[in-house]
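Here's a structure for you.
Computation of the quantities below employed the complete heavy-atom set of this structure, encompassing side-chain atoms and omitting hydrogens, waters and symmetry-equivalent molecules.
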Amino acid sequence: MLIQQTSTSLIDTLGHRRQQLANLIDFPVILWSGSNSPRNFLANPFPFRASSHFLYFAGLPLSNAAIRLEDGKLELFIDDPSPSSALWHGEMPTREEIAQQIGADVARPMAELESWLEDAATLAVQDAATWTQQSQLLNRWVLPQSPPQGIDLELAKAIASLRLTHDEAALTELRKAAAVTVEAHKAGMAATPKAKLEAEVRAAMEGVIIAHNMTTSYNSIVTVHGEVLHNEQYHHPLQPGDLLLADVGAETETGWAGDVTRTWPVSGKFSSTQRDIYNVVLAAHDACIARIHPGVEYGDIHLLAATVIAEGLVELGILQGNPQDLVEMDAHALFFPHGIGHLLGLDVHDMEDLGDLAGYEEGRERSDRFGLSYLRLNRPLRPGMLVTIEPGFYQVPAILNDANIRSKYQNVVNWQRLSEFADVRGIRIEDDVLVTAEGSEVLTAALPNDADTIENLVGS
């Protein structure tokens, strides 16, 4: 980690966050950053990513570190670099230098952490070495796959309440991530005419992110098989009649995420059927963003997307019936099976390591309905929330070829008419939208999404 010039604003921001946490809980907190995981031998690790909860209060992507928070105070636990590390990694900042940069009140070596654990709450870190250490030191199971209990649950609720809305320091980082994400997508469109494989477009997009000294906030999706929602294969050839779906986001040096999807024609021109479906998805996208306002239920925004998509598919003759009735029977979910979006912040699906604790208002549980079970956020919107809006249309063989599903919806799907849209495997349009006191601000608005401009960007 390269030490940056000490920033008074960073120290002030972290101090304010610690004090906000202290106002919500009355017990000490220890948050671990996590450790490097070797790929195949110790000196060849996977890229390190610090725990987001640690990052929120520590500000820097430190590895093999922990912080103790109590009454608004910060104690840093981290070892000084070994003398031999300078040979391989260059001069590294000392414990005291790091402590000064983040405004820590005390800095101690990691070996002393064991003496400061009494009555402390924590949250599980994803890497096995760290959650094993957490469990051993605290003498209780701290597992990423298990919901937090006791004071850990109290801590999770407190942190979720803070991270649900973003302070100015966070928004500055999120705007940076959004801006680089926009440039990456433009580069992907520009690279498409000469690309022969999905991998080449991915390279152009991630090259922009790397050039800004950022990384991707999730594994990029750049695929002609947009019906595979989290497709992470890039070997398919680009053919003139294909649509290319690119879901790519940048992550800043301190961990804040962008998340954008665009879908464009490889040839630079949508076919008539592709344009028809694209405009249905875009109508849902625009209607949802227009609806965003403090106090509006995010679940209602999802249902709005479902209704607009159902209306569009009825107009195209793919679905048959009243759009409201079709949504009630989840017919829209045949083609739009996921939720309208999610929280965005230090994680691309922000705080989903806490399960639905952050995404769902207290007392609410996930529906088991086909059209609602993948809804990741079910809360009234508040100023300072950053959410994604990402409606889509997909022809997923596992859904559409399921005998039970075809039987259930045989009278509402015109299967013959649907076959005329075989060149539309998947379309998704996604933007990052900040809830403001007056309504909303699209942080990724600089990236066009109308069909004509998309064609021009690819063609040029």
Backbone N/O of L74 and side chain of D105: donor-acceptor pair under 3.5 Å: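 Indeed, once roles are kept as given, a pair shorter than 3.5 Å links the two residues.
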D356 and its side-chain contact (heavy atoms from CB on, under 4.5 Å) partner, picked from R366, M351, R364: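 Result: among R366, M351, R364, R366 is the only option passing the side-chain contact (heavy atoms from CB on, under 4.5 Å) with D356.
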Between CD1 on residue I11 and NE2 on residue H16, distance to nearest 0.5 Å: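 Reported value, rounded in 0.5 Å steps: 16.0 Å.
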Under 3.5 Å donor-acceptor, D402 side chain and N404 backbone: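 Checked: pair present.
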Mutual orientation of the aromatic rings belonging to W264 and H185 [parallel < 30°, tilted 30-60°, perpendicular > 60°]: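 Geometry flag for H185 against W264: perpendicular rings.
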Pair R68-E70, salt bridge (Lys or Arg N to Asp or Glu O under 4.0 Å): steps then yes or no: CA-CA 7 Å; R68 185 178 184 274; E70 187 173 20; 3.0 Å; yes
Heavy-atom side-chain contact between Y360 and L375 under 4.5 Å: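 A side-chain contact exists here, since the closest heavy-atom pair is under 4.5 Å.
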Neighbour count >12 (heavy atoms, 6.0 Å) for atom CG, N139: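 Check fails, neighbour count at 12 or below.
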Validation row: V248, I209 side chains within 4.5 angstrom (heavy atoms):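 Counting from C-beta outward, V248 and I209 do come under 4.5 Å.
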Minimum side-chain heavy-atom gap L434-R175 below 4.5 Å: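 Answer yes - side chains close enough.
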Donor-acceptor side-chain pairing of D127 and S37 below 3.5 angstrom: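 There is no such pair between these side chains.
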L42 atom CG, neighbour heavy-atom count above 12 within 6.0 Å: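 Atom CG in L42 is not crowded, with 12 or fewer foreign heavy atoms closer than 6.0 Å.
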Donor-acceptor under 3.5 Å (H302 side chain, G371 main chain):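 Side chain of H302 to backbone of G371: a pair is present.
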Audit row: L162, Y56, side chain to side chain contact (heavy atoms under 4.5 Å, CB included) steps and yes/no: CA-CA 10 Å; L162 297 180; Y56 188 74; 4.2 Å; yes
E253-N213 side chain donor-acceptor pair, cut-off 3.5 Å: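 A donor-acceptor contact under 3.5 Å links the two side chains.
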Heavy-atom donor-acceptor pair, R379 side chain to A358 backbone, under 3.5 Å: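 Yes, because the side chain of R379 sits within donor-acceptor range (under 3.5 Å) of the backbone of A358.
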Option passing side-chain contact (heavy atoms from CB on, under 4.5 Å) with L443 (candidates L386, L344, V433):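 It is L386; the other options fail the test.
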Distance in Å, N378 CG paired with S367 OG, rounded so as to fall on 0.5 Å steps: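 One finds 9.5 Å between CG of N378 and OG of S367.
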For E173, all residues meeting salt bridge (charged side-chain N to carboxylate O under 4.0 Å, His left out), sequence neighbours excluded: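 Expected list: K176.
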E390 side chain to T261 side chain, donor-acceptor N/O pair below 3.5 angstrom: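 Short answer, no.
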Non-hydrogen side-chain atoms of Y298 and I389 separated by less than 4.5 Å: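 Yes, their side chains come closer than 4.5 Å.
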Side-chain heavy-atom pair V106, W116 within 4.5 angstrom cut-off: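 A side-chain contact is absent here, since even the closest heavy-atom pair is not under 4.5 Å.
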Side-chain donor/acceptor of R425 to backbone N/O of E227, under 3.5 Å: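 Here the side-chain-to-backbone pair does not exist.
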Passing option when E198 is tested against H236, H225, Q233 for side chain to side chain donor-acceptor pair (under 3.5 Å):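 Exactly one pass, corresponding to H236.
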Check: A398 main-chain N/O paired with N401 side-chain donor or acceptor under 3.5 Å: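 Not a single qualifying donor-acceptor pair exists.
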Under 3.5 Å: donor-acceptor pair, side chain of R262, backbone of E430: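 Yes: the side chain of R262 pairs with the backbone of E430.
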Within-4.5 Å side-chain heavy-atom neighbours: R18 and L21: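 With C-beta onward as the side chain, the pair stays apart.
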No-hydrogen, no-angle side-chain donor-acceptor test under 3.5 Å, T444 and D431: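 Side-chain D/A pair, T444 to D431: present.
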Main-chain N/O of G255 paired with R49 side-chain donor or acceptor, under 3.5 Å: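 It does hold such a pair.
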Gap separating the CG atom of D152 from the CG atom of L138, nearest 0.5 angstrom: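 Reported to 0.5 Å precision, the distance equals 7.5 Å.
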Test item: D259 and T181 side chains (from C-beta on) under 4.5 Å apart, heavy atoms: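 The answer is no, as the side chains (C-beta and beyond) never meet within the 4.5 Å cut-off.
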Under 3.5 Å donor-acceptor, D80 side chain and R95 backbone: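 Yes, because the side chain of D80 sits within donor-acceptor range (under 3.5 Å) of the backbone of R95.
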Centroid separation F336 to H338 less than 6.0 Å: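 Centroid distance F336-H338: below 6.0 Å, so yes.
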Geometric class of the H230/H349 ring pair [parallel <30°, tilted 30-60°, perpendicular >60°]: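 The arrangement is tilted - the two ring planes meet at 30° to 60°.
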Intermediate values then yes/no, salt bridge (Lys or Arg N to Asp or Glu O under 4.0 Å), E200 and K196: CA-CA 7 Å; E200 296 174 59; K196 299 209 171 15; over 6 Å; no
Sidechain-backbone polar pair: S267 side chain, G241 backbone, donor-acceptor under 3.5 Å: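 Flag not set: sc S267 to bb G241 has no pair under 3.5 Å.
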Close side-chain approach of Q133 to L113, heavy-atom, < 4.5 Å: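 Not in contact.
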Residue E118 excluded, over 12 heavy atoms near CD under 6.0 Å: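 For E118, atom CD is not crowded (no more than 12 foreign heavy atoms under 6.0 Å).
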